[in-house]
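In what follows, a structure is listed as structure tokens, so that the remarks can point back to it.
We count ligands from 1, going down the list as the structure has it; atoms in each ligand are counted the same way. Everything numeric in this text was worked out from a predicted model, so none of it was measured.
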Amino acid sequence: MWAVCYRTMVKVGMGKPCYLVKPVSATRVAGRYLSHQKSLPSLPVPALQQTCERYLAALEPIVELDELNNSKELVGEFQKPGGVGQRLQRGLEKRASNTDNWLSEWWIQTAYLDYRMPVVVHSSPGLVLPRMDFRDKEGQMRYAAKLIAGVLDFKTMIDNETLPVEFLGGSPLCMNQYYEVLSSCRIPGLKRDSIVNHAKSSRPPKHITVVHNFQFFRLDVYGSDGAPLTTDQLYVQLKKICDSSLPSNKEPIGILTTQHRDVWGKAYANLIKDKTNKESVRAIQRSIFTLCLDGATPPVDADMQPSCVAVQMLHGGGSQWNSGNRWFDKTVQFVIGEDGSSGLNYEHAPAEGPPIVALIDHVIEHIRRKPEILSSSPMGTLPNPHKLHFNINPEIKKDIEEAKQSMDLLAQELDMRVMVFNHFGKNVPKAHRMSPDAFIQMALQLAYYRMYQRCCATYESASLRMFRRGRTETIRSASGTSAAFVKAFDDPSKQNTEKVSLLEKAVRGHRSYTNMAIKGEAIDRHLLGLKLQAVEEQVSMPTVFTDMSYSKALHYQLSTSQVPSKMDCLMCFGPVVADGYGVCYNPMNDHINFAVSAFNSCKETNASNLAGAIKEALLDIMALLEQTPRAKL
Ligand code: COA
Ligand code: HC5
């Protein structure tokens with residue numbers, strides 16, 4: 001078997017981490033995974049002039065005319081021969097020729113590890129699985145055992161490097177992220193965080209962490225023969241854990257991980273001064289993943305039940321519910337309630353959603369494929385799960401109290417609305433020969449425009465995984481063509497045929513921006529690269545980056561992402577600005593799952609209202625298409 005341990009993360013210079021390919025034994029170098037990785041192209045650096053032109057076009061629908069004119073001047077200065085833009089471009093091209101991916105380390109650092117807001121709501125997404133039919137503790141434990149077995153089955157494919165390579169638009173994708181999600185953890189720092197990945201250590205971990213009633217356990221999930229425990233064995237072990245962790249007035253130590261990162265970084269340094277605490281924390285960090293066996297959730301009306309489950313996956317409902325039943329730094333935490341609900345929360349720095357979703361699709365298939373066999377044969381004795389102890393001194397107690405308070409404020413702040421749009425799915429746009437994703441994005445643009453009578457900077461995630469170690473690029477969904485479409489839609493002076501033709505243009509425009517983004521030819525990561533290159537070269541910050549238009553362009557009042565899955569899952573995340581929305585959607589063939597989030601303290605936003613407006617927009621666009629005869633292509 002090829003070992004997965006193929007590289008080490010090292011820090012170079014002033015905390016600028018980079019991955020170095022470590023000379024390892026010959027058996028490792030020849031791995032099938034590595035040869036696939038090597039065959040992938042490197043992320044290109046787009047041409048400076050192309051990015052400048054596209055940037056100005058992207059500003060048009062979202063800034064005032066005088067701001068646009070000013071930006072045109074600044075951009076002209078920036079890109080002219082001998083201008084600072086050209087110098088930075090050369091620097092960036094040099095960086096690209098010397099690294100595996102000129103962007104990926106910068107991206108992990110700036111988008112995640114240097115970002116100091118709590119990972120909860122502000123960075124870590126949630127995922128909800130289809131509801132299962134168990135309704136009690138017994139069912140919870142049995143389902144948990146099956147879920148663990150399913151994850152271990154997936155892990156075997158990672159360990160053996162037998163994961164099928166994924167494709168997007170006919171191109172093979174980088175598979176690196178699959179090797180980053182298990183046995184890894186984020187570590188809080190005083191000013192910046194880091195990530196550890198124990199899958200690559202010489203003795204990779206064989207245990208998971210289970211948390212129940214705020215109490216943590218280390219559970220070995222491989223037997224002495226090295227084989228994964230069976231579902232029956234896992235169930236027995238989980239029962240031992242539940243029986244030995246009845247509700248108590250123990251401190252919910254996990255709540256510390258919900259804090260602002262600087263605050264948690266300081267508390268962490270203090271927490272691990274104690275040897276027992278350090279060992280317990282290390283066991284969590286080293287574990288393959290965390291399993292949260294949750295307690296009750298707040299009572300809500302039936303129509304809010306799906307939103308309540310999404311909230312459990314996103315933040316756990318607050319300190320009096322399940323927020324302390326987590327370790328939010330852990331890359332993957334599976335969450336199982338007592339009422340048939342389940343899902344996960346994941347720390348975003350090591351990977352994007354799709355590898356996590358592929359894992360979940362596999363787990364659900366595994367659970368469905370393998371009906372429960374309750375063996376009556378003796379199973380042999382297994383070592384007891386190991387309880388992880390924490391010594392709580394007054395200072396740690398104070399940190400926990402503060403974390404509870406800020407988590408509860410954050411829980412009150414989050415406005416989450418889940419909507420299953422069940423009138424149609426990908427089928428309708430496909431029948432109208434339109435890209436379903438572009439169609440949904442145009443409905444989002446229309447919904448927002450109807451609520452606010454203006455367009456806003458809109459982010460949609462595009463995958464850069466066609467390139468080695470690629471992460472994401474931004475699709476700017478608010479464009480000249482989308483603005484023309486939304487402005488015309490409710491205008492009674494416009495004919496339906498004109499509206500349809502504007503929709504078609506906008507959809508085609510969106511699809512072509514998407515193609516540009518996934519090929520590494522869009523503008524946002526390039527502009528970020530030029531900006532970070534200026535920091536690197538210590539040149540004074542070019543005015544294009546201090547310009548009002550640039551801040552407006554990055555103030556994403558709509559932050560959106562399509563995350564498809566084979567199973568009927570729902571994914572969710574928080575807004576990225578105080579007066580904005582997070583919209584995650586999963587288009588199935590005949591329906592679309594949406595999770596819309598906003599912040600309650602912003603009087604202008606309301607998740608239910610936007611969800612309602614999205615539904616109206618989708619229905620109205622479909623009605624328009626059905627009422628309007630279209631010219632044959
Ligand atoms: N007529 C008919 N069918 C069409 C069509 C048209 N004009 N255009 C597209 N389709 C079909 C496609 O062939 C595809 O078919 P499939 O369902 O059989 O696969 C389907 O419609 C979906 O295509 P489309 O809606 O255009 O979107 P996409 O699947 O290409 O996805 C992105 C677009 C941007 C979401 C994708 O490129 C991407 O980058 N995904 C990753 C996003 C990500 O990483 N998110 C998480 C970040 S953590
Ligand atoms: C389980 C689904 C997770 C989706 C998370 C996602 O889309 O994250 C985006 C990542 C990126 O780099 O585009 C960020 N976003 C949530 C702010 C859209």
Side-chain angles (χ1 to χ4, degrees), residues 103-104 107-108 110-112 115 117 119 121-129 166-171 173-174 177 181 310 313-314 332 343-361 425-442 458-466 470-477 504 507-508 510-520 522 524-525 528 554 556 558-566 569-577 580-589 592-593 595 597 633:
L103 173 65
S104 58
W107 180 249
I108 295 172
T110 36
Y112 298 108
Y115 182 66
M117 294 294 274
V119 289
V121 174
H122 297 289
S123 176
S124 298
L127 181 152
V128 181
L129 270 59
E166 291 173 305
F167 286 80
L168 179 65
S171 305
L173 298 184
C174 173
Q177 292 174 25
V181 294
M313 300 312 149
L314 210 53
V332 186
L344 62 79
N345 179 279
Y346 88 90
E347 201 291 296
H348 211 324
E352 308 306 338
I356 307 279
V357 171
L359 164 69
I360 277 298
D361 278 335
K426 282 192 284 189
N427 52 353
V428 162
K430 278 188 188 178
H432 287 278
R433 299 183 303 271
M434 291 183 191
S435 146
D437 185 68
F439 183 97
I440 296 168
Q441 284 289 331
M442 290 313 113
T458 307
Y459 180 110
E460 183 194 359
S461 307
S463 177
L464 281 178
R465 284 176 57 207
M466 276 187 199
R471 297 291 301 254
T472 59
E473 171 59 283
T474 310
I475 303 170
R476 290 190 164 268
S477 310
E504 286 174 326
V507 163
R508 274 201 305 275
H510 189 84
R511 188 60 239 181
S512 85
Y513 200 116
T514 300
N515 288 339
M516 198 166 94
I518 62 179
K519 287 185 181 135
D524 279 86
R525 301 301 179 266
L528 175 72
L554 294 180
Y556 295 112
L558 275 177
S559 164
T560 77
S561 187
Q562 179 196 140
V563 190
S565 63
K566 280 197 247 162
C569 295
L570 174 107
M571 296 75 173
C572 56
F573 48 75
V576 295
V577 295
Y581 293 97
V583 182
C584 195
Y585 54 97
N586 177 6
M588 310 290 287
N589 282 337
I592 312 170
N593 297 332
S597 62
L633 286 177

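Under the 3.5 Å distance criterion, the side-chain polar atoms of Tyr346 are matched with a main-chain donor or acceptor of Gly353. Without hydrogens or angle criteria, Glu347 side chain to Ala349 main chain gives a donor-acceptor distance under 3.5 Å. Using a distance-only test at 3.5 Å, with no hydrogens or angles considered, no donor-acceptor pair links the side chain of Asn593 to the main chain of Leu570. A donor-acceptor pair is defined here as one N or O able to donate and one able to accept, closer than 3.5 Å; no such pair exists between the side chain of Asn345 and the backbone of Gly126. Side chain of Gln562 to backbone of Pro587: no donor-acceptor contact under 3.5 angstrom is found.
How far CZ of Arg508 is from OG of Ser435: 12.0 Å, rounded to the nearest 0.5 Å. Here the CG atom belonging to Asn427 is positioned 6.5 Å from the CG atom belonging to Asn589, to the nearest 0.5 angstrom. Atom CZ of Arg476 sits about 3.5 Å away from atom OH of Tyr556, to the nearest 0.5 Å. Interatomic distance, Ser477 OG to Asp437 CG, rounded to the nearest 0.5 Å: 8.0 Å.
A 4.5 Å side-chain heavy-atom check between Glu460 and Thr474 finds every atom pair outside the cut-off. Residues Asp524 and Leu554 meet the side-chain proximity criterion, which asks for heavy atoms closer than 4.5 Å. Looking at Lys430 and Pro436, their side chains come closer than 4.5 Å, going by heavy atoms from C-beta outward. Contact of the Arg471 side chain with the Tyr112 side chain is registered, since non-hydrogen atoms from C-beta on lie closer than 4.5 Å. Taking 4.5 Å as the limit, every side-chain heavy atom of Met442 sits out of range of all side-chain heavy atoms of Met434. For the pair Phe439 and His432, the minimum side-chain heavy-atom distance is 4.5 Å or more.
By the 4.0 Å heavy-atom criterion, Ile475 is counted among the residues contacting ligand 1. Using a non-hydrogen distance threshold of 4.0 Å, Val563 registers as a contact of ligand 2. Under the 4.0 angstrom criterion for non-hydrogen atoms, Arg465 is not in contact with ligand 1. The shortest separation from a heavy atom of His348 to ligand 2 is under 4.0 Å, placing the residue in contact. Using a 4.0 Å cutoff on heavy atoms, Tyr556 does not count as a contact of ligand 2.
Protein heavy atom closest to atom 11 (C) of ligand 2, with residue, atom name and distance, is Tyr459 OH, 3.2 Å. Closest to atom 36 (C) of ligand 1, if we only count protein heavy atoms, is Leu168 CD1, 4.3 Å. Summary of contacts: the protein heavy atom closest to atom 15 (N) of ligand 2 is Ser559 OG, 4.0 Å. Of the protein's heavy atoms, Thr472 OG1, 2.6 Å lies nearest to atom 12 (O) of ligand 2. Ranking the protein heavy atoms by distance from atom 28 (P) of ligand 1 puts Arg511 NH1, 3.7 Å first. The nearest protein atom to atom 1 (C) of ligand 2, hydrogens excluded, is given as Met571 CG, 3.5 Å; this is a heavy-atom distance. For atom 10 (N) of ligand 1, the nearest non-hydrogen atom of the protein is Pro436 CD, 3.8 Å. Summary of contacts: the protein heavy atom closest to atom 7 (O) of ligand 2 is Ser561 OG, 2.7 Å.
Every atom of ligand 1 is numbered from 1 in the order shown, and the set under 4.0 Å from a heavy atom of Ala462 is 39 (O). If you number the atoms of ligand 1 from 1 as listed, the ones under 4.0 Å from a heavy atom of Pro354 come out as 44 (O), 46 (C). Counting atoms of ligand 1 from 1 in the listed order, those under 4.0 Å from a heavy atom of Thr514 are 34 (C), 37 (O). Listed by atom number, the atoms of ligand 1 under 4.0 Å from Arg433 heavy atoms are 1 (N), 6 (C), 7 (N). Interface of Trp107 with ligand 2, defined as ligand atoms under 4.0 Å from a residue heavy atom, comprises 12 (O). Listed by number with element, the atoms of ligand 1 under 4.0 Å from a non-hydrogen atom of Ser561 are 45 (N), 46 (C), 47 (C). Below 4.0 Å from some heavy atom of Asp437 lie the following atoms of ligand 1, by number and element: 24 (P), 25 (O), 27 (O). Distances below 4.0 Å separate heavy atoms of His348 from the following atoms of ligand 1: 48 (S).
Here's the thing with Ser463: one of its N/O atoms is less than 3.5 angstrom from an N/O atom of ligand 1. Residue Glu352 has no nitrogen or oxygen atom sitting less than 3.5 Å from a nitrogen or oxygen atom of ligand 1, judged on distance alone. Residue contacts with ligand 1: Ser461 is placed with no nitrogen or oxygen under 3.5 Å of a nitrogen or oxygen of the ligand (distance criterion only). The shortest N/O to N/O separation between Ser435 and ligand 1 falls below 3.5 Å. Considering backbone and side-chain atoms together, Lys426 places an N or O closer than 3.5 Å to an N or O of ligand 1. At least one N/O-N/O distance between Ser461 and ligand 2 falls below 3.5 Å.
Screening Cys584, Pro575, Cys572 for a side-chain contact (heavy atoms from CB on, under 4.5 Å) involving Ser597 leaves a single residue, Pro575. Here the rule is side-chain contact (heavy atoms from CB on, under 4.5 Å) with Met571, and of Val128, Val357, Ile360 only Val357 fits it.
At a 4.0 Å heavy-atom cut-off, ligand 1 does not touch Pro125 at all. The backbone of Met434, and not its side chain, has at least one atom closer than 4.0 Å to an atom of ligand 1 (non-hydrogen atoms only; backbone = N, CA, C, O). Contact annotation: for Val576 versus ligand 2, heavy atoms closer than 4.0 Å belong to the side chain alone. Using a 4.0 Å cut-off between heavy atoms, Glu352 contacts ligand 2 through its side chain alone, with no backbone atom that close.
Counting only non-hydrogen atoms, the option in Met571, Lys430, Gln562 that gets closest to atom 15 (O) of ligand 1 is Lys430. Of the options Ser124, Gly343, Pro125, the smallest heavy-atom separation from atom 3 (C) of ligand 2 is shown by Pro125.
Distance check on atom 19 (O) of ligand 1: every protein heavy atom falls at or beyond the 4.0 Å cut-off. Protein heavy atoms are absent from the 4.0 Å sphere centred on atom 12 (C) of ligand 1. At least one protein heavy atom sits closer than 4.0 Å to atom 7 (N) of ligand 1.
Looking at Glu166 and Arg465, a side-chain N of the basic residue comes within less than 4.0 Å of a carboxylate O on the acidic one, giving a salt bridge.
Donor-acceptor pairing under 3.5 Å is recorded for the side chains of Tyr585 and Gln441.
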